[in-house]
Amino acid sequence: MNENIDLKLHVWRQNGPSDGGRFEDYTGYAKNISTHASFLEFLDVVNDRLILDGKEAIAFDHDCREGICGSCGVVINGQPHGPQRATTTCQLHMRKFQTGAEIWVEPFRARAFPVVKDLAVDRSGFDRIVQAGGFITARAGSAPDANEIPVPKTVADKSMDAAACIGCGACVAACPNASASLFTSAKVAHLGLLPQGQAERMKRAISMVGQHEKEGFGACSNHYECEAACPKQVSVEFIARMNRDHLKAQLTYVESAGKDGGAG
Amino acid sequence: MENALTLTQTGIGKKAAVALTGAVMFGFVLVHMLGNLQIFLGRETLNHYSEMLHAVPELLWVARAVLLVSVVTHITLTVDLALRNAKARPTAYRVSADVGRQDPLMRYARKTMILSGPIVLSFIVFHLAHLTLGEVPGLAHGQDVYENVVRGFQNPVVAGFYVFANILLGLHLYHGGHSLLQSLGLRNPRLDPRARTAAAAFAAAVTVGNVVMPLAVLVRAVGADVQ
C-alpha cells in the first residue's frame, strides 16, 4: 500500500533558550506525505519545502535513525515519541496517522532540558548524572578472562533490561513532574545488579540521585507515565530499586576518611 | 562526597517520610473505622468504647501527638515536593495526553491526590469539631458520642459530606497504599500483583466501613431512638 497523506501540522519554533517560542502552522508544507516515511523523514520533507520557500528549517535532534542512539525525540500530540509504544520518533512511521490528522510537535519540556532551538533540547544533565556515579572500578591492563566472575543468567538479563536505556529523555518528557527517576534508576540499577558494580553501589545511589536533584528534575510521584513512554520499556521496578538503594545508602554509607600514607 | 545530599534534601528521602507518615495514618484509619463500626451495636457499646479511649488521657495524647506529627509532616513535605515538581516544568505542553494505559480508577486517584488531600483535611477539621470536641451548633453538644453521631448524620448535608470525603479518602488510600511501597523501595515484581490487590482491598474496606455509618443513620437503620 503506497498511499500519500495530507496532515495539519503545527510545530514549536523557538530561536533559543531565552526566546519565548510559539507554534507555527505548517499545514501547507505537510501535504502529500508518503506513509512509508518515518516521522523524521516527514520532518526532513517539511524542512526541504521550508528551505525552498526561503524559510528556516526546523531544528531537531537525530543521529542513528534506527532506534538505538537516543538522540531523537519530540512530543507528538502530547506523547513523547508519538502514539506508538516502545518506539523512538525515528522508528515511528507516517502510516500510523490518518490523512487530515492534526499533529502538534513540541520539544521535550523540562526546566532541566532547556530548548537549544525549536525541537532540540539540551540533555547534558543526563551526562552529568552518569558522570556522578555511572562507572565501576576496574583493573586496567590486559582483558580479564571470560566468565571469571560468575553472573547468573537471570541477573545478567535484568541488568541488560536496565542497560537498554538509551538516555533519550522520554521519561522526563512524559513525567507530570519532569522527573528523571526512570533514567537515573536504570543507570543505578544496571551497574548495581552486577558483581562488578558492588564496590561503588552505595556511593553511586547517593551521588547519582544527588546530581538528579541538582539538575532541577522533579520528584517521582508514581504515575508511571515514564514506563509507558519509554521506547525501551524500562520498568519502574528499577525506581523502587533505586529508592531502596538510596535510602539504605543514606542510612548506612559513610565515606572513608582515608589515612595518610596509603599502601604499605 | 561532592554530590552528597542528605536524606532530608533528596526527593527520595522526602517521599520516604511521606510514605512512612502515610503508613501511620493507614493504621489509624483502619482502627478508627473498626472501632466506630460499634455504632451498629448500639448506644451503650459505642459510648463505652469512647470512655475506654479516654480512660488514660496520657495515652490518648501520645496517640494524638503521633498523628499530629504524621499529618503535619505528610502535608508539609507533599507541598514542598509539589512546589518543586511544578518548577521542574515551567512551560506546559500545548497538547497533554496520557501515555500509559492504566486502570481508570487508579489514574483518577493519582491525578487527584493533590485535591483529595486538602478536601480530606478540611473534612478532618470538621470531623474533629463535630465528634471529638463535640461542639458544632445544632449538630453536636457534649460527650454523648452516640447522640452526636446520630444527630449529625440525620442531617443529609452532613452525612453527604462524610460520604463524599470518605470516597475521596478511599481514592487517596488506593494510590497511597500502592505508592508507599514504591517510595520505600519495597515494591518488586514478585510482590507487585499482591500489593496492588492489597492496596485496593484496604482502600475499599476502609471506604465501605466509613460510608456505611452515615448512610445507615440517614435511612434510620441506626439511631431511630434519637429524635
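Because the structure is predicted, anything quoted here is derived from the model rather than measured. Numbered from 1 within each chain, the chains take letters A, B, ... in sequence-line order.
Ranked by heavy-atom pairs shorter than 4.5 Å toward chain B, the options A:Met242, A:Glu227, A:His10, A:His223 are led by A:His223. Comparing A:Cys226, A:Ser181, A:Ala229, A:Ala178 by how many heavy-atom pairs each has under 4.5 Å with chain B, the most go to A:Ala178. Considering only heavy-atom pairs separated by less than 4.5 Å from chain A, the leading option among B:Met113, B:Arg94, B:Met106 is B:Arg94. In terms of heavy-atom pairs under 4.5 Å with chain A, the best-connected choice from B:Lys87, B:Arg110, B:Lys14 is B:Arg110. Contact tally against chain B (heavy-atom pairs below 4.5 Å) for A:Lys248, A:Arg85, A:His212: the top residue is A:Arg85.
Panel note: side chain A:Asp122, backbone A:Ser124; a donor-acceptor pair is recorded below 3.5 Å. Checked by atom type and distance alone, the side chain of A:Asn77 pairs as donor or acceptor with a backbone atom of A:Glu102 at under 3.5 Å. The main-chain N or O of A:Lys8 is never found under 3.5 Å from a side-chain atom of A:Thr27 such that the two would form a donor-acceptor pair. A:Gln79 places no side-chain N or O within 3.5 Å of a backbone atom of A:Val75 that could act as its donor or acceptor partner. At distances below 3.5 Å, at least one donor-acceptor pair connects side-chain atoms of B:Asn85 with backbone N or O atoms of A:Ala219. A donor-acceptor pair under 3.5 Å is absent between the side-chain atoms of B:Arg187 and the main chain of A:Ala240, judged by distance alone. Side chain of B:Arg89 to main chain of A:Cys175: a donor-acceptor pair is present (N/O by atom type, distance under 3.5 Å, no hydrogens or angles). The backbone N or O of A:Ala205 sits nowhere less than 3.5 Å from a side-chain atom of A:Glu200 that would complete a donor-acceptor pair. A donor-acceptor pair is defined here as one N or O able to donate and one able to accept, closer than 3.5 Å; no such pair exists between the side chain of A:Gln14 and the backbone of A:Lys117.
Residues of residues 166-184 of chain B placed with any heavy atom under 4.5 Å of a heavy atom in chain A are listed by number as B:His175, B:His178, B:Ser179, B:Gln182, B:Ser183, B:Leu184.
Contact annotation: the side chain of B:Thr6 approaches that of B:Gln9 to within less than 4.5 Å [non-hydrogen atoms, C-beta and beyond].
Interface remark: B:Leu7 contributes backbone and side-chain atoms alike to the contact with chain A (heavy atom separation under 4.5 Å). Interface residue A:Ala173: backbone and side-chain heavy atoms are both found under 4.5 Å from chain B. Neither the backbone nor the side chain of A:Ser235 has a heavy atom closer than 4.5 Å to any heavy atom of chain B. Only the backbone of B:Ala92 comes within less than 4.5 Å of a heavy atom in chain A; its side chain stays farther off. Residue A:Arg241: no heavy atom, backbone or side chain, is found under 4.5 Å from chain B. Only the backbone of A:Pro176 comes within less than 4.5 Å of a heavy atom of chain B; no side-chain atom from C-beta onward does. For A:Glu106, the part lying near chain B is the side chain, with the backbone staying farther off; criterion is any non-hydrogen pair under 4.5 Å. For a residue to count as touching a neighbouring chain, one of its non-hydrogen atoms must lie under 4.5 Å from one of that chain's; by this rule B:Asp192 does not touch chain A. Residue A:Ile76 does not touch chain B at all, counting heavy-atom pairs closer than 4.5 Å. Neither the backbone nor the side chain of A:Phe113 comes within contact range of chain B, judged by heavy atoms closer than 4.5 Å.
Note that CG of A:Leu182 is 5.0 Å distant from SG of A:Cys171, once rounded to the nearest 0.5 Å.
Between A:Arg128 and A:Glu215, at least one side-chain N (NZ, or NE/NH1/NH2) sits under 4.0 Å from a carboxylate O, which counts as a salt bridge. The residues B:Arg107 and B:Asp103 are annotated as not salt-bridged, no charged nitrogen and carboxylate oxygen being separated by less than 4.0 angstrom.
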